[in-house]
2 protein chains.
Amino acid sequence: MLGEYLREQRERLKVNDKSYSLRQVAQRVGIKPTYLSKIEREELPPPSEATIKKLSQELDLDADILLAMAGKVSADLREIICKRPQLFAELIRQLKEVPDQAVLRVVREVTDGNW
Amino acid sequence: MLGEYLREQRERLKVNDKSYSLRQVAQRVGIKPTYLSKIEREELPPPSEATIKKLSQELDLDADILLAMAGKVSADLREIICKRPQLFAELIRQLKEVPDQAVLRVVREVTDGNW
DNA sequence: AATAGTGTGTAGTATATACTACACACATGC
DNA sequence: GCATGTGTGTAGTATATACTACACACTATT
């Protein structure tokens with residue numbers, strides 16, 4: 001899933017900009033081309049959180065989505081949850097089956113500062 | 001933090017029940033006494049999620065709290081987040097600075113099925 | 001036809017994670 | 001006073017994580 005998604009996006013960008021070759025992207029991201037090749041073809045498991053974040057920047061993709069495809073949760077979110085574990089555990093489990101729109105309404109209520 | 005907390009709770013339970021010795025608890029949890037000893041004294045980093053969950057059951061503690069002390073987020077929560085990463089990422093980041101009471105109100109609104 | 005650039009196959013490595021094994025000293029109960 | 005139970009110190013191990021190194025074939029460029 002993640003690998004395919006990365007490759008698709010990279011090839012898309014490559015059409016208009018030759019600098020999105022596997023080798024050049026790998027270099028800019030700070031990994032070896034062989035490794036990126038394996039990641040894209042899903043021959044190896046997804047890379048570390050740090051590498052995924054660099055890839056998201058490089059390929060203009062959402063880091064949270066990429067991390068999710070790798071089954072990971074961003075360190076900053078983990079930290080927020082770990083500071084109030086019971087509170088967030090309850091909240092997240094409650095929202096498991098709640099449709100996106102309803103959750104978004106909740107988000108906005110909070111954003112609008114009703115508290 | 002986690003180790004000390006586990007030891008305190010175990011010793012508390014041991015007062016009324018000799019079967020809460022380090023050795024016996026370790027055996028029931030499925031790890032070796034030496035390992036539990038090191039965990040409690042924080043000589044080694046926290047154990048795996050699976051072991052933490054068994055300890056939480058054995059010592060009647062909240063798993064989410066123990067996991068948080070280990071800097072981890074429960075696999076079931078991770079799964080929920082990873083299914084809708086952008087949605088939950090936004091929600092959690094929004095709620096970072098929101099006081100407990102306001103978050104709880106939100107939880108209850110949802111629980112009450114306003115959607 | 002030589003050079004540079006593309007991606008890939010096979011193999012190996014460093015570090016972290018999650019523990020176990022064995023031996024010891026101290027205390028407690030019978 | 002000897003067995004049994006308590007926790008601990010030192011050392012070692014298996015598996016997973018996160019990569020690298022090197023060599024190769026193919027394509028495009030000059």
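Order of the sequence lines fixes the chain letters, A, B, ..., with proteins taken first and strands second; residue numbering starts at 1 for each chain.
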Please collect all side chain to side chain donor-acceptor pair (under 3.5 Å) contacts where either partner lies in residues 60-73 of chain B, sequence neighbours excluded, each pair once. A:Q86-B:D62, A:R93-B:D64
Between the side chains of A:K53 and A:S74, is a donor N or O closer than 3.5 angstrom to an acceptor N or O? yes
Examine the side chains of B:T51 and B:S48 and answer whether a donor and an acceptor come within less than 3.5 Å of each other. yes
Take the protein atom [atom1] of [X] and the nucleotide atom [atom2] of [N], then report the distance between them rounded to whole Å.
| X | N | atom1 | atom2 | value |
| --- | --- | --- | --- | --- |
| B:I31 | D:dG7 | CD1 | P | 13 Å |
| B:I39 | C:dT17 | CD1 | C1' | 12 Å |
| A:Q27 | D:dT20 | CD | P | 12 Å |
| A:Y35 | C:dA14 | OH | P | 17 Å |
| B:K18 | D:dT6 | NZ | P | 9 Å |
| B:D17 | D:dT6 | CG | P | 12 Å |
| A:K32 | D:dA23 | NZ | C1' | 16 Å |

What residue pairs, at least two apart or across chains, pass salt bridge (charged side-chain N to carboxylate O under 4.0 Å, His left out) with a residue in residues 39-48 of chain A? A:R7-A:E40, A:R10-A:E40, A:R41-A:E43
Residue-level proximity of residues 61-69 of chain B to DNA chain C when a heavy atom falls under 4.0 Å: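 Those residues: none at all.
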For residues 47-60 of chain A, which residues have at least one heavy atom under 4.0 Å from DNA chain C?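 Output list: empty, so none.
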So, do [X] and [Y] sit near enough that their side-chain heavy atoms are less than 4.5 Å apart?
| X | Y | value |
| --- | --- | --- |
| A:E11 | A:Y20 | no |
| B:L61 | B:I65 | no |
| A:L2 | A:L66 | yes |
| A:L91 | B:I92 | no |

Sugar-phosphate, base or nothing in reach of B:E11, heavy atoms under 4.0 Å: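 Nothing, no nucleic acid heavy atom in range.
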Under 3.5 Å donor-acceptor, A:S21 side chain and A:Q24 backbone: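 Yes, the answer is positive, given that a donor and an acceptor are paired below the 3.5 Å cut-off.
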Taking side-chain contact (heavy atoms from CB on, under 4.5 Å) as the test, write out the residues that go with B:Q27, two or more places apart.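 Counting only residues at least two positions away or on another chain, B:Q27 forms no side-chain contact (heavy atoms from CB on, under 4.5 Å).
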N/O (side chain, B:K14) to phosphate O (OP1/OP2, D:dG5) under 4.0 Å: no
Please determine if a side-chain N or O atom of A:Q24 lies less than 4.0 Å away from the OP1 or OP2 oxygen of C:dT6.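 Checking A:Q24 against C:dT6: at least one side-chain N or O falls below 4.0 Å of OP1 or OP2.
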Please determine if A:R108 and B:E90 form a salt bridge, counting it only when a charged side-chain N lies under 4.0 Å from a carboxylate O.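 A salt bridge is absent here (no side-chain N lies under 4.0 Å from a carboxylate O).
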Closest to the 5' end of DNA chain C, once A:S21 and B:G30 are matched to their nearest nucleotides, is A:S21
Name the pairs: protein N/O against N/O of nucleotides 8-11 of chain C, kept only if under 3.5 Å.
| residue | atom | partner | partner atom | Å |
| --- | --- | --- | --- | --- |
| C:dT8 | OP1 | A:R7 | NH1 | 3.2 |
| C:dT8 | OP2 | A:R7 | NH2 | 2.8 |
| C:dT8 | OP2 | A:S37 | OG | 2.7 |
| C:dT8 | OP2 | A:R41 | NE | 3.4 |
| C:dG9 | OP2 | A:R41 | NH1 | 2.5 |
| C:dT10 | O4 | A:K38 | NZ | 2.8 |

